[in-house]
Amino acid sequence: MNSLLKVNLRFRDEDNPNRGGFNNLRLKRETSIETVDMLIDSLTSVKNHYMNVDNLLDGLLIDVYYNDIIAKSNRIKRLLKPRGKEANDLIVGARFSDAEEGEENHIITYYVKEKTVDESIQQLEVIRKFLVEELDGCATRDNFNEYYDPKKKKTITKISQQQYDKYNCSKKQIRELIVDCSVIETIRVPRISTNADNEEYLVTFYKTEKSTSELLDIIDVDKFNHRYSFYGEDTILVSRDLYNYLNEKIPYLISMVSPDLSKINYYDLSETENKDRPKISSPKNEPVIGVIDTLFDENVYFSEWVENYDYLDDVEKSGVKNEHRVHGTEVSSIIVDGPNLNPWLDDNCGRFRVRHFGVCLDKISTSRLVRKIKEIVDKNPDIHVWNLSLGTEEEVSKNFISYDGAVLDELQAKKNVIFIVAGTNDNRIEKNGRIRIGSPADSLNSIVVNSVRKNGEPASFSREGAVLSFFNKPDISYYGGDIDEKIKVMSPRGECEDYGTSLAAPWISRKMAFLIDVIGLPREVAKALLIDSAAGWEFKQQGYKMQKILGYGIVPISINNILCSEDSEIKFYLYGTSKSYKTSNYSIPIPKDKDGKYPYIARTTLCYFPHCSRTQGVDYTNRELSLKFGRVKNNDAIDDINDNVQDEDGFYTDERRSRAEFRKWENTKFISKVLKKNRAVKSYEDRAWAFTVTSKERALEAKKEEMNFGAIVTLREINGIDRISDFITLCEMRGWIVNEINMENKIDEYINNQEEIVFTE
């Protein structure tokens, strides 16, 4: 087998060459006088609503219902635009419409001044007149759109400048308003719905000029002795009575509502228990994995390997029972000694030490769990991999990330850590189809793990994604047993058998800790490597079979099969930093065959950890890295293996397609070339291959910060020839350093680095 290679190629930074285009109607879109009349009525109705209620704000919160999943560049530009600002600057939330899967459209919430609404209504009156007098009542692509003719070297237009000048509005304003109208379905006052069946809720308000505390003072919350507490600037924990009061008084201000409960479910342990204490050596300097779970039992045979902390509040400590130490002990037993308990799952990663934080008994509020996680991670900066096998029974929302999931994403965006999160279990007695995963398994930056049986089939209790109707969760799957096919663990009662996604996650924590702490890979590369190994060549060829349940697939058991590849494959990783619009290298030297062609199929996996904004709802990730990998064509464009035409001149892809095919805004990209014919592909005038990531910010005014990314590239030689030596030689001829990731050498290096040096006189 061939080893994984580290290629230290040089990236170059490129600025965005695009400077905007024409204000044209999109395909199959038009603006009629009926549409304009509807929007005038909608805006007038919204304004009248706020006049008839006790509006606590200086402005108006308005929901714009779009008729598609809309890209940032295609959202309204002139309608609701205040002077000196852009309409996109006013966005305070985004969600999807209640429609069938795949048919959802954007609903985007804007916070605008009443004066801006009045001006927008006046502008729409002008547009109505323009449509009647200049376009026979309807703007279409045929009578409205403009384009540049390179042969005539001028813009071809159907409407003269004199026609625009008659309306006391600039040409740009008129065209932008007409295009704006074509993408809107309706406009309404915000109002979300939820079932008030829980005792406590986390309520998040839209961001306005008034703080949450000011709003609560204005509506006299304290007068009624309602209990609440703050979690961040815009989120409070409230009782059911207070939620009902808020929903009655200021429903238009409520952005998100979620229950506040994380619960651990215990399953029937096997009747056969082994009271004998297995033998285990004493720990040395093995890597440490952080575990945040229920309590740990220090009487088990491997307790020397676990640094235990009962991280409980005073009230919780008084109620501790033996059963509260079952789940946490089982999880840590897999991390420390899982292969010894389950020889068929020996991953060749060895043993790991555990720093175990018992944060709850059998259940904990989401708000308290989040507080404890923040404290624990801050106080333990030496730990890179954290295992979190707690979760809720409630399904995650289709329109926003859970509070605890968002906190995990924030921690991973700011710190050099990664969370391995259990995919949560379906504990219903009577199951009718699969339910969505529970929080915090909707955390995008985390690796979320579902459970499978020995034969690779999903466990009966596995729940499914996607998250926000789009993001691929769970990420991967692993062997966590099933009701009738349990795996061995150690509990306070001795050796037992159990099952659950909670027991699949720690196996992945072991692999991540090995890759990061022993092999020395950056977390972005380690995550990409695991996902790439799970997907393999089959993921795309099988048409993403069971993706919602299995994620990208099942991770191989042995770490050797993750770090190595077949003799016919070249597998290398790239690690870089996105600093500008595009980060690229156009000279990757892939070996050719004797005919000067490239006899390969290829795949690439990219991972990064973006900052996110929970208050933006479905538009959650702040930054997008679009990936391209393939041969460089004669015009310097890339013949991308995924046919990604985003950001190319002359091509247009709508937002729905970009998300579905190219995973736009998702922080994991997997692209693969499906082999249809077993033959080599040509080289474009002896040009090399290219790798690029293109960066886009969600907010127009966002400051572009540096962000690291890791990518795994695999090339399979279609004739089975081993060309890895040729690849290394070609890279070195370019002055690039290529390092072979030899697992045995890395283990020796890690051991040597951990040895204490004693100086003698």
Side-chain angles (χ1 to χ4, degrees), residues 1-8 281 283-289 305 334-340 342-353 383-385 416 418 420 447 476 478-479 506-537 553-575 603-605 607 710-716 722-725 727-728 731-732 736-755:
M1 299 183 75
N2 287 331
S3 297
L4 174 70
L5 302 176
K6 175 186 178 182
V7 179
N8 294 289
S281 60
K284 296 179 181 177
N285 289 310
E286 290 81 2
V288 178
I289 295 174
W305 287 73
I334 292 176
I335 291 176
V336 173
D337 206 26
N340 186 40
N342 302 271
W344 71 279
L345 286 173
D346 189 355
D347 51 18
N348 296 312
C349 293
R351 292 191 175 100
F352 295 86
R353 291 178 291 154
I383 295 178
H384 303 120
V385 178
N416 184 28
I418 186 165
I420 313 301
I447 295 181
I476 51 180
Y478 204 70
Y479 306 95
W507 292 101
I508 300 302
S509 294
R510 288 171 52 84
K511 297 180 192 298
M512 279 299 292
F514 187 88
L515 294 173
I516 293 173
D517 293 317
V518 178
I519 301 301
L521 299 179
R523 60 176 181 154
E524 293 83 0
V525 174
K527 181 178 179 180
L529 192 58
L530 280 186
I531 290 175
D532 184 82
S533 69
W537 300 107
I554 305 168
V555 177
I557 293 175
S558 175
I559 197 70
N560 303 69
N561 293 329
I562 297 171
L563 284 168
C564 299
S565 61
E566 300 294 330
D567 291 340
S568 60
E569 295 178 349
I570 302 170
K571 187 174 183 178
F572 60 94
Y573 80 81
L574 305 173
Y575 182 64
R603 71 172 191 259
T604 305
T605 304
C607 288
I712 304 297
V713 178
T714 309
L715 298 158
R716 172 179 281 184
D722 187 348
R723 299 184 184 273
I724 194 167
S725 296
F727 174 70
I728 294 172
C731 288
E732 291 176 341
W736 299 346
I737 298 174
V738 180
N739 300 114
E740 183 178 343
I741 307 300
N742 184 288
M743 192 167 73
E744 293 182 0
N745 292 343
K746 286 292 183 179
I747 293 174
D748 291 340
E749 183 180 324
Y750 174 83
I751 293 173
N752 292 333
N753 289 338
Q754 301 303 314
E755 289 182 354

Measuring from [X]:[atom1] to [Y]:[atom2], what's the distance to the nearest 0.5 Å?
{"X": "L574", "Y": "I712", "atom1": "CG", "atom2": "CD1", "answer": "8.0 Å"}
{"X": "Y575", "Y": "E524", "atom1": "OH", "atom2": "CD", "answer": "4.5 Å"}
{"X": "I383", "Y": "D517", "atom1": "CD1", "atom2": "CG", "answer": "9.5 Å"}
{"X": "D337", "Y": "I335", "atom1": "CG", "atom2": "CD1", "answer": "12.0 Å"}

Subject >> CA sep, side-chain torsions, deciding dist, call: N742, K746, side chain to side chain contact (heavy atoms under 4.5 Å, CB included) >> reply: CA-CA 6 Å; N742 184 288; K746 286 292 183 179; 5.8 Å; no

Looking at every heavy atom in both [X] and [Y], which two are closest together, and how far apart are they?
{"X": "C607", "Y": "K527", "result": "SG-CG, 3.8 Å"}
{"X": "A528", "Y": "G710", "result": "CB-O, 4.0 Å"}
{"X": "S509", "Y": "V385", "result": "O-CG1, 3.8 Å"}
{"X": "R510", "Y": "G338", "result": "NH1-N, 4.4 Å"}
{"X": "V555", "Y": "K511", "result": "CG1-CD, 3.8 Å"}
{"X": "N416", "Y": "H384", "result": "O-CD2, 3.6 Å"}

Is a side-chain donor or acceptor of [X] paired with a backbone partner of [Y] at a separation under 3.5 angstrom?
{"X": "E286", "Y": "K284", "value": "yes"}
{"X": "W305", "Y": "R351", "value": "no"}
{"X": "D722", "Y": "S568", "value": "no"}

Less than 4.5 Å apart, side chain to side chain, heavy atoms only: is that true for [X] and [Y]?
{"X": "N8", "Y": "V738", "result": "no"}
{"X": "L5", "Y": "K571", "result": "no"}
{"X": "I476", "Y": "I508", "result": "yes"}
{"X": "V288", "Y": "F352", "result": "no"}
{"X": "L529", "Y": "L515", "result": "yes"}
{"X": "R523", "Y": "I447", "result": "no"}
{"X": "I747", "Y": "F514", "result": "yes"}
{"X": "C349", "Y": "W507", "result": "no"}

**OP:** For I554, enumerate each residue passing the side-chain contact (heavy atoms from CB on, under 4.5 Å) test, keeping only those at least two apart in sequence or located in another chain.
**Re:** V452, S477, Y479

Original post:
Are T714 and E569 linked by a side-chain donor-acceptor pair shorter than 3.5 Å?
Top reply: no

Subject >> Test side-chain contact (heavy atoms from CB on, under 4.5 Å) applied to Y573 and L521, V713, D532, the passing residue >> reply: L521

**OP:** Quick one: do I420 and I289 satisfy side chain to side chain contact (heavy atoms under 4.5 Å, CB included)? Show the steps, please.
**Re:** CA-CA 11 Å; I420 313 301; I289 295 174; over 6 Å; no

Original post:
Do Y478 and I557 pass the side chain to side chain contact (heavy atoms under 4.5 Å, CB included) test, and can you show the C-alpha distance, the side-chain angles, and the key distance before you say yes or no?
Top reply: CA-CA 8 Å; Y478 204 70; I557 293 175; 3.8 Å; yes

Original post:
Step by step, would you call I741 with I519 a side chain to side chain contact (heavy atoms under 4.5 Å, CB included)?
Top reply: CA-CA 8 Å; I741 307 300; I519 301 301; 3.6 Å; yes

Under 3.5 Å donor-acceptor pairs involving side-chain atoms of residues 559-566, not counting sequence neighbours:
residue: N560; atom: OD1; partner: N348; partner atom: ND2; Å: 3.1
residue: N560; atom: OD1; partner: S558; partner atom: OG; Å: 2.9

